[in-house]
Amino acid sequence: MKKIRNVIFTALVILSIGCANTTVTDETVDMQDEVVDTYNEIRVIPDVILAIDTQKKAFELYEKHMSNGTGDTFELDDDLTLLLLSKDGEKVSSETSHYESLLQQFFDDADVSEAARIHLVDAISGREGSILRLRTNHHDELSYLVYKLGTDKKKNLFEIGMAYYHSSFRTYDGDFQDRVKALEWAKMSAHMGSVTAALSAGDMVRYGDGVPVDEQMAYELYSLAHSTKPSVFTYERLGYCYLYGIGVAIDRQKAFDYFLKCTFEEHIPGLFMLSEFTEYLEIDLTALYKAFISNIWSGDNHGDLTMSNYDYDYHALNNARRDSIKILSDIWESEPHPIVQPNANFPEKFVDELMKVAHTQTYGAFIDEYILPANRTHEDAHRFNIYITDDKLGWSSVEQEAISQMGSKYYPFYEYDIDGCGVDEIAVYILGSVGGSTANNYYAIFKENNDGLYEFFSISPLTYTRDNMHIVSYDDKIYFVYNLHDETGNEPHDIFAYTIDANGRGHKLSITIKDYSPRHIFTYIDTAYTSDYDELFSNVDKQVETALQDARHQRIYSPEGEIQLVLQPDDDLWDNRYTDRLAESYYGPPQDVFFVADIENNGIENVIHKGRSWDHWKSFIYQSWFEVYKNRKDFDNGTVALRKPEFIDRYHGLQSAGNLHDMLPIGNTVSQFWTHEYDGVTYCVTLNRYGWYKLIYALQIFVIQNGEPQIVSQSLFFDEAQKIDLLFLY
């Protein structure tokens, strides 16, 4: 419909332009009225049921207008329907026919009403008003899909494909899965420019995910994604293709280059795949596997990835995960580890398993294996009558919340023998009050009394929403296990376990990983630039551990010998500083450093500002700032004022900003920056921390010459725990 509408509108616009230069005749007025009438007729007819005579009428209007001699070029826009008209009004685009066929199938499969179809066709095209009408009037028909639709037409096509893939036109439907149709929608989206759709469609045909295997098509789709917009995700896929000969001849050098590139842009799959290239790198494989696992399956990212993680090659990533867990588990078993003392509440075997999980960074895999599913829904709630305490305040908040949660279709609950007494209790997850990700949440446990009512019995530990607490069963005993979120990001893999005895009393086990030390994974050197890395950068290697320790504790690193400027409180520069913000939000005293170095190697000294701010809104935010002044004059005159930190609404994490990012080819978070002088050349050194609270650090050395930065070397370090503290509480 919208294509025809645009034809009419284009004719109308051209007509109005032509009228500005010609005499307005009765015929012109009649033609305008006819255009409007035709539009009003067309706008209520879906694409798939457009009448040929209406198409002819649109084309006749165009011909009639062109005969008036305006001379304007008439062009169809690149719209969703791809509807092209021949001179006699017949459709000539096979692509249009394919789209209309798929759309009609979608209407039938999703059982879309005639009223909803009118809005849906426009909504798929990205019209905001139609999207709103669809959500307002037809939510129950397509409750899942309508909230996926946006103004990006190619993304909307892909979302229909994913609705087929997951069988999720509606929130609770389960009868419409069709991956052949999912592939067709994804391919259509890919050819309209969606990188995500091209990657996902490529994965489907590469692995035979509900469709026939076609490696040549997979390579072509990955290449299409890469030509549309190169990214770590396209590097990863093409790396696989060149490594294994998927649709293209094997080329290990190209594969290595792709995986190395995405590794240093914080794409974890690339990190794992570097284990395949020991001829290029001397790699500490144990450290590499730990680094990989610690960054993929920690916290709430447990479980196998699915196509919902669109950009990742989840098939390859899940295989890599399983391989790494097996390797790390074998290493744990072959090396000495702490001896567990007997404890009545936590058997030795269970504690040893949790220590291995903490040491090998495999909390998610442990949860996958032992998690207990919620086995009761709101439909079962009538079987469990909660006893309301008769006190002055009426209902207690725990009991009231439990009744509310049990009656909600969105929150299933549990019926298991939690205290080990041989009789089942119920456990209801109680959501914390206002506080977002920092709200306290817990499980309330109720036991049946002699009157058949369920009385409050006990409570699990209080945790934050993001702390990832789960109920697990290990050797027929039930535990609450949780992996605390660490605001500072220093120790994100501590694990706690909690169990409840027959008296309702809780017992806690704490496994804390501490005393971190950087473990070198590998160093890649550009031998075209230097063949003597040790002579050039031996001093940098000595600086890394101190710099990394400072980054770990949110301090700015300044190496010995750094030429710093001494600023007086009355300097003009201080008036430009954001002292009002930092005075309140610094974690500890101000740490700003201003130093001088010719980082561009052009004979002009730059002034570099290194600063770190700390803020707390919903959670902790650390911001590192690296501002580069082109010369001392700019700095002294304040013509390049220091930028005020921009507030970023994220729950937690470390971020960095400043124009240093514009000068160096780095795409991830800079934690530390310093310079290294050798033989009259200034080298830039960055220490980048993967993500917000991860344990991988990337050291990169750059040289800027003739305005162009060049990577000289890249190293990876894993911040490895040296000690495990085991503590039985309560």
Side-chain angles (χ1 to χ4, degrees), residues 206 215 218-219 222-223 226 230-296 312-313 315-328 330-331 334 518-538 540-541 544 665 667-668 688 690 696-703 710-718 720:
R206 172 183 166 191
E215 292 189 346
Y219 174 73
Y222 295 156
S223 298
H226 188 68
S231 69
V232 291
F233 304 109
T234 64
Y235 301 151
E236 175 201 5
R237 301 309 203 288
L238 292 174
Y240 289 131
C241 289
Y242 283 109
L243 177 61
Y244 299 121
I246 299 170
V248 68
I250 290 175
D251 188 326
R252 289 185 61 83
Q253 181 64 56
K254 284 186 178 180
F256 171 72
D257 291 342
Y258 277 128
F259 287 126
L260 185 70
K261 188 172 181 62
C262 63
T263 294
F264 281 94
E265 291 189 23
E266 293 190 18
H267 191 58
I268 300 302
L271 171 63
F272 176 81
M273 291 308 298
L274 288 179
S275 62
E276 297 282 341
F277 299 95
T278 53
E279 75 267 35
Y280 294 98
L281 295 170
E282 292 185 12
I283 304 176
D284 182 333
L285 291 175
T286 300
L288 183 144
Y289 295 134
K290 283 188 178 183
F292 169 70
I293 286 293
S294 71
N295 279 265
I296 283 293
Y312 287 92
D313 181 346
H315 299 275
L317 209 48
N318 288 330
N319 291 335
R321 169 191 179 240
R322 285 185 281 271
D323 291 345
S324 296
I325 290 173
K326 176 64 167 62
I327 292 168
L328 293 174
D330 290 345
I331 291 172
S334 65
R519 181 167 175 171
H520 178 257
I521 301 176
F522 68 82
T523 294
Y524 175 73
I525 303 165
D526 182 358
T527 55
Y529 183 86
T530 178
S531 59
D532 197 347
Y533 173 87
D534 292 337
E535 182 178 346
L536 243 64
F537 303 117
S538 58
V540 173
D541 289 342
V544 170
N668 45 10
N688 303 347
Y690 264 58
I696 301 180
Y697 292 83
L699 181 77
Q700 303 188 75
I701 301 176
F702 308 89
V703 62
Q710 178 178 351
I711 300 173
V712 178
S713 76
Q714 298 172 296
S715 302
L716 278 189
F717 297 85
F718 177 61
E720 185 180 50

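The shortest heavy-atom contact between Asp284 and His520 is CB-O, 3.6 Å. When all heavy atoms of Ile268 and Ile696 are compared, the closest pair comes out as CD1-CD1, 4.4 Å. Across all non-hydrogen atoms, the minimal contact from Tyr533 to Ile525 is CB-CD1, 3.4 Å. A pairwise comparison of heavy atoms in Gly239 and Ala255 identifies O-CB, 3.5 Å as the closest pair. For the residue pair Thr523 and Ser715, the shortest heavy atom distance occurs at OG1-OG, 2.7 Å.
When ring centroids are compared, Phe233 and His267 come within the 6.0 Å threshold. Aromatic ring centres of Phe522 and Phe277: separated by at least 6.0 Å. Aromatic ring centroids of Phe259 and Tyr240 lie under 6.0 Å apart. Taking the six-membered ring for Trp and the full ring otherwise, Tyr280 and Phe256 have centroids separated by under 6.0 Å.
A salt bridge links Asp330 with Lys326: at least one charged nitrogen is closer than 4.0 Å to a carboxylate oxygen. Salt bridge absent: Arg206 and Glu215 never bring a charged side-chain N and a carboxylate O closer than 4.0 Å.
Among residues two or more places apart in sequence or in another chain, the salt bridge (Lys or Arg N to Asp or Glu O under 4.0 Å) test is passed with Glu279 by Arg252. Scanning for side chain to side chain donor-acceptor pair (under 3.5 Å) contacts around Glu265 gives an empty result, with sequence neighbours left out. Not a single side chain to side chain donor-acceptor pair (under 3.5 Å) links Asp323 to another residue, sequence neighbours left out. Not a single side chain to side chain donor-acceptor pair (under 3.5 Å) links Tyr244 to another residue, sequence neighbours left out. Partners of Lys254 under the salt bridge (Lys or Arg N to Asp or Glu O under 4.0 Å) rule, at least two apart in sequence or in another chain, do not exist in this structure. Residues satisfying the side chain to side chain donor-acceptor pair (under 3.5 Å) criterion with Gln710, sequence neighbours excluded, are Asp526.
The aromatic rings of Phe292 and Phe272 sit tilted, their planes meeting at an angle between 30° and 60°.
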